[in-house]
Amino acid sequence: MSAPATKTRLTIPEYAMALAHVASLRSEDPFRKVGAVAFDFDNRVIGTAYNGLAPGFNADHEFWLDRDTRRKYMLHAEVNLCSLFTRGNVKLVACTTMPCTSCAQMLCAYGVKEIYYRDPYPDSEANAICQLYGIKLEQLTDYPLIVSTVDPPGSATGTGMSK
Ligand SMILES: Nc1ccn([C@H]2C[C@H](O)[C@@H](COP(=O)(O)O)O2)c(=O)n1
């Protein structure tokens with residue numbers, strides 16, 4: 001039996017990044033939207049998070065006008081994510097933006113083993129931090145949102161696989 005021509009199933013890192021991508025769509029930050037997801041050691045989703053202001057705080061229009069002013073108040077997606085789990089029960093984290101230096105340190109402190117990110121983040125020292133602590137840090141930019149399924153019997157394509 002030959003291998004299917006197109007992908008039929010996402011890998012766990014691809015699945016994680018697709019979920020992080022969707023989570024990023026909930027961010028209220030008009031300048032940068034970041035989503036993150038954590039998986040446990042049985043590949044189950046612990047939770048998703050995104051960057052934003054502290055729960056219950058509603059910023060007015062003025063708040064969002066200046067990119068620099070808002071930066072110090074924003075809770076990073078990774079900070080919000082870490083509030084969902086306890087140390088030692090997380091295997092994998094996917095973030096749509098590379099963790100910043102302090103978020104990379106925090107993920108290490110929580111015992112995360114693998115981190116996947118999509119977009120680079122300027123000035124982040126995440127690479128050096130993860131290298132020192134032996135944590136896998138990898139860029140992942142492709143995460144298909146459509147995969148192949150087997151054609152129903154009698155379908156016209158004759159390939160056995162839907163596109
Ligand atoms: N790994 C990262 C990087 C950034 N951000 C968020 C925090 C701010 O909401 C915004 C900062 O973006 P910029 O530095 O482009 O202004 O992005 C985040 O949640 N996670």
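Numbering of ligands and ligand atoms starts at 1, following listing order. Keep in mind it's a predicted model, so treat the numbers as computed, not measured. Counting from 1, the numbers follow the sequence of the chain as shown.
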* To do: Enumerate the atoms of ligand 1 whose separation from the nearest heavy atom of D29 is less than 4.0 angstrom.
  => 8 (C), 9 (O), 10 (C)
* So is F31 close enough to ligand 1, meaning a heavy atom under 4.0 angstrom away? -> no
* To do: Note the single closest protein heavy atom to atom 15 (O) of ligand 1, along with its residue, its atom name and the distance in Å.
  => R67 NH2, 2.5 Å
* Structure fact -> Closest heavy-atom pair, R118 versus H21, reported as atoms and distance to 0.1 Å, is NH1-ND1, 3.6 Å
* So, does C103 sit close enough to ligand 1 that a heavy atom of it is under 4.0 Å from the ligand? -> no
* Asked: In terms of hydrophobic clusters joined by side-chain contacts under 4.5 Å, are L107 and M98 together?
  -> yes
* To do: Give the residue and atom name of whichever protein heavy atom lies nearest to atom 5 (N) of ligand 1, and the separation in Å to one decimal.
  => V34 CG2, 3.6 Å
* Asked: So, D40 side chain and D42 main chain: donor-acceptor pair closer than 3.5 Å or not?
  -> yes
* Asked: Rounded to the nearest 0.5 Å, how far does CZ of R26 lie from OG1 of T48?
  -> 10.0 Å
* Structure fact -> Nearest heavy-atom approach of K33 to S24 is CB-O, 3.4 Å
* Provide the number and element of each atom of ligand 1 under 4.0 Å from a heavy atom of R71. => 13 (P), 14 (O), 16 (O)
* To do: Assess C100 for proximity to ligand 1: is some non-hydrogen atom of it under 4.0 Å away?
  => yes
* To do: Considering heavy atoms of the protein only, find what lies nearest to atom 20 (N) of ligand 1 and give residue, atom and distance to 0.1 Å.
  => E78 OE1, 3.0 Å
* **Which residue and heavy atom of the protein sit nearest atom 14 (O) of ligand 1, plus the separation** => Y121 OH, 2.5 Å
* Asked: Mind checking whether Y73 and F63 have parallel, tilted or perpendicular rings, split at 30° and 60°?
  -> tilted
* How long is the gap from NZ on K136 to CG on L92, to the nearest 0.5 Å? -> 8.5 Å
* Pick whichever of M74, H76, R70 has a heavy atom sitting closest to atom 10 (C) of ligand 1. => R70
* Look up atom CD1 in I46 and atom CG in N89, then write down how far apart they are to the nearest 0.5 Å. => 4.5 Å
* Structure fact -> When every non-hydrogen atom of R70 is compared with those of D29, the smallest separation belongs to NH2-OD2, 2.8 Å
* Asked: Which ligand 1 atoms, with their elements, are less than 4.0 angstrom from a heavy-atom of R32?
  -> 4 (C), 12 (O), 13 (P), 15 (O), 17 (O)
* Protein residue, atom and distance nearest to atom 6 (C) of ligand 1, heavy-atom basis -> N51 ND2, 3.4 Å
* Protein residue, atom and distance nearest to atom 19 (O) of ligand 1, heavy-atom basis -> A77 N, 2.9 Å
* Asked: Do any N/O atoms on M98 end up under 3.5 angstrom from N/O atoms on ligand 1?
  -> yes
* **R32 and Y121, any side-chain heavy atoms less than 4.5 Å apart** => yes
* Structure fact -> The answer for which part of T97 has a heavy atom under 4.0 Å from ligand 1 is both
